[in-house]
Amino acid sequence: MNTVRPLVVQEVCLRDGLQIEPVFVATADKIRLADAFSALGFARIEVSSFVSPKAVPALADAAEVFAGMQRAPGTVYVALVPNLKGAERALAAGAGELNLVMSAGQTHNLANMRMTTDESFEGFARIAALPRGDVLLNGSVATAFGCPFEGAQPVAKVLDLVRRYLDLGCTGITLADTTGMANPRQVAALVEQALPLVGADALTLHFHNTRGLGLANVVAAYDAGAQRFDAALGGLGGCPFAPGASGNICTEDLVAMCEEMGIPTGLDLPALIALSRGLPALVGHETAGQVAKAGRVADLHPAPPGLRAA
């Protein structure tokens, strides 16, 4: 393994992490988290989603969060947009990247977006035609590694969706394991075929830890040549249209693993852990992250008292 090659972590807690929380996190707290992520130096921060407040009430304050946060030079502030109206609102709010999402699984796309795959792309074409200046466009393929209603998705089908996004002018592609169905060998095989189409600088992997394989899938993707990964502080998140799906891979757990493996991320692990330990007070429950509970491997403990000399 080439442990010198950096791994880029993209923080999605504010959008994918908070979207299904039953308790509304105050706008001021979201802005505080956004500013903390900016200060930590994340390359990309997915700030919110410009969807109907009735559909996702947890993110009804998307415009207010964009307006209130401090922006760091070099950081891309991302908005998920489901349709033309959402894209227009995101552009007005000053998003630096629009994230388009549709599912490889037709049934999941109908459940999540209320559209067929072709209908999703018809809407995306209208978004791509908007005057955007230097605002980037990212295309996400949800359920790329398996649909909870249809099962495994053919690689050829996923790659065809990637090509359709690229034909629209997308500058980035995300392959999402929305339901946590992926395994390391499957991940490596798909990444190896996607990289020639997309390039390592433009391909993001988005894993959920539903079945405990999230970090193993990161290693498999990294070894296959990928370098960009989404993660959520505390392992928050999940998909309301993916039965049983748990949260995203945990940011501080991912960074801790990279630190132990000698893979640079450029992120301050103690600061991440401290930030994560404040999440339960915001969301009203314990979070899934392990390192925030157990501490770093380097955090050694004093020997028990009363031991005899070796």
Side-chain angles (χ1 to χ4, degrees), residues 7-20 37 42-49 76 78-82 97-105 108-109 112-113 136-148 153 158-159 161-162 165 170-184 186-188 190-191 194-195 198 200-222 224-242 245-251 253-255 257-258 265 288:
L7 185 148
V8 179
V9 184
Q10 304 177 164
E11 181 56 59
V12 300
C13 174
L14 286 165
R15 197 281 301 175
D16 201 4
L18 296 183
Q19 70 175 357
I20 64 167
F37 293 144
F42 282 97
R44 271 177 171 76
I45 301 169
E46 193 173 46
V47 177
S48 197
S49 177
V76 178
V78 182
L80 184 143
V81 296
E97 180 173 276
L98 306 182
N99 187 18
L100 313 176
V101 180
M102 51 73 57
S103 302
H108 188 268
N109 205 59
N112 192 24
M113 307 302 295
L136 303 171
L137 200 61
N138 186 80
S140 291
V141 182
T143 66
F145 299 92
C147 171
Q153 297 296 297
V158 175
L159 295 178
L161 296 173
V162 168
Y165 269 134
C170 286
T171 51
I173 296 292
T174 298
L175 299 177
D177 183 26
T178 314
T179 57
M181 295 171 71
N183 68 73
Q186 177 192 22
V187 166
L190 182 53
V191 168
L195 279 174
V198 183
D201 291 340
L203 179 66
T204 296
L205 279 300
H206 179 105
F207 294 120
H208 284 241
N209 201 41
T210 309
R211 293 169 178 83
L213 292 177
L215 293 186
N217 288 330
V218 169
V219 174
Y222 177 83
Q227 64 184 40
R228 285 174 32 171
F229 297 87
D230 286 344
L233 190 75
L236 289 182
C239 177
F241 302 103
S246 59
N248 297 275
I249 57 170
C250 174
T251 302
D253 291 358
L254 171 59
V255 173
M257 180 187 76
C258 289
T265 64

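Atom set for the values below is all heavy atoms of this structure, side chains included, hydrogens, waters and symmetry mates excluded.
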- Query: For T174, what residues pass the side-chain hydrogen bond (donor to acceptor under 3.5 Å, both in side chains) criterion, not counting sequence neighbours?
  - Reply: N138

- Task: Kindly indicate whether the side chain of V81, heavy atoms from C-beta on, has any atom under 4.5 Å from the side chain of L100.
- Result: yes

- Task: I would like to know whether H208 and D16 meet side chain to side chain contact (heavy atoms under 4.5 Å, CB included); could you show each step before the answer?
- Result: CA-CA 11 Å; H208 284 241; D16 201 4; 3.7 Å; yes

- Mind listing the closest non-hydrogen atom pair of V219 and M257 along with its distance? CG2-CE, 3.7 Å

- Task: Answer yes or no: is there a side-chain heavy-atom contact under 4.5 Å between V255 and V9?
- Result: yes

- Query: For the side chain of N217 and the backbone of L213, is there at least one donor-acceptor N/O pair under 3.5 Å apart?
  - Reply: yes

- Shortest non-hydrogen pair, C250 vs A231, comes out as C-CB, 4.3 Å

- Item | Partners meeting salt bridge (charged side-chain N to carboxylate O under 4.0 Å, His left out) with R44 (sequence neighbours left out) | E97

- Message: Tell me the closest heavy-atom pair linking L190 and A144, and the distance in Å.
- Response: CD2-O, 4.2 Å

- Message: I'd like to know if the side chain of N109 reaches the main chain of S103, judged simply by a donor and an acceptor atom lying under 3.5 Å from each other, with no hydrogens or angles considered.
- Response: yes

- Item | Side-chain touch F229/V8, heavy atoms, less than 4.5 angstrom | no

- Message: Restricting to side-chain hydrogen bond (donor to acceptor under 3.5 Å, both in side chains), what partner residues turn up for Q227, sequence neighbours left out?
- Response: D201

- Task: First locate atom CD of E46, then atom NE2 of H206, and finally report the distance between them rounded to the nearest 0.5 Å.
- Result: 8.0 Å

- Distance col, row F207:CZ vs T178:OG1, nearest 0.5 angstrom, shows 11.0 Å

- Please examine the side chains of V218 and L205, heavy atoms only from C-beta on, and report whether any two atoms are closer than 4.5 Å. no

- Message: Ignoring hydrogens, what is the shortest heavy-atom contact between H108 and C147? Give both atom names and the distance.
- Response: CB-SG, 3.9 Å

- Task: Could you tell me which non-hydrogen atom of G235 sits nearest to which non-hydrogen atom of A288, and how far apart they are?
- Result: O-CB, 4.3 Å

- Output for pair (N183 CG, F145 CZ), nearest 0.5 Å, gives 9.5 Å

- What do the steps show when you test V76 against V78 for side chain to side chain contact (heavy atoms under 4.5 Å, CB included), and what is the final call? CA-CA 6 Å; V76 178; V78 182; 4.1 Å; yes

- Quick one: list whatever passes side chain to side chain contact (heavy atoms under 4.5 Å, CB included) with M181, sequence neighbours left out. D177, T179, R211

- Of the non-hydrogen atoms in A200 and G225, which two are nearest, and what is the gap between them? CB-O, 3.7 Å

- Output for pair (C258 SG, L215 CG), nearest 0.5 Å, gives 8.5 Å

- Query: Looking at residues at least two apart in the chain, or sitting in another chain, which of them share a side chain to side chain contact (heavy atoms under 4.5 Å, CB included) with A104?
  - Reply: V141, T143, Q153, V158, L161

- What residues, two or more places apart in sequence or in another chain, satisfy side-chain hydrogen bond (donor to acceptor under 3.5 Å, both in side chains) together with N209? none

- Message: For the CG atom of L7 and the OG1 atom of T265, what is their distance to the nearest 0.5 Å?
- Response: 7.5 Å

- Query: How long is the gap from CG on L175 to OG1 on T204, to the nearest 0.5 Å?
  - Reply: 9.0 Å

- Who pairs with A224 by side chain to side chain contact (heavy atoms under 4.5 Å, CB included), at least two apart in sequence or on another chain? A188, V191, E192

- Task: Could you tell me whether the side chain of L203 reaches within less than 4.5 Å of the side chain of L195, counting heavy atoms only?
- Result: yes

- Task: Apply side chain to side chain contact (heavy atoms under 4.5 Å, CB included) to C13 and list each qualifying residue two or more places apart in sequence or on a separate chain.
- Result: E11, F37, A232, L233, L236

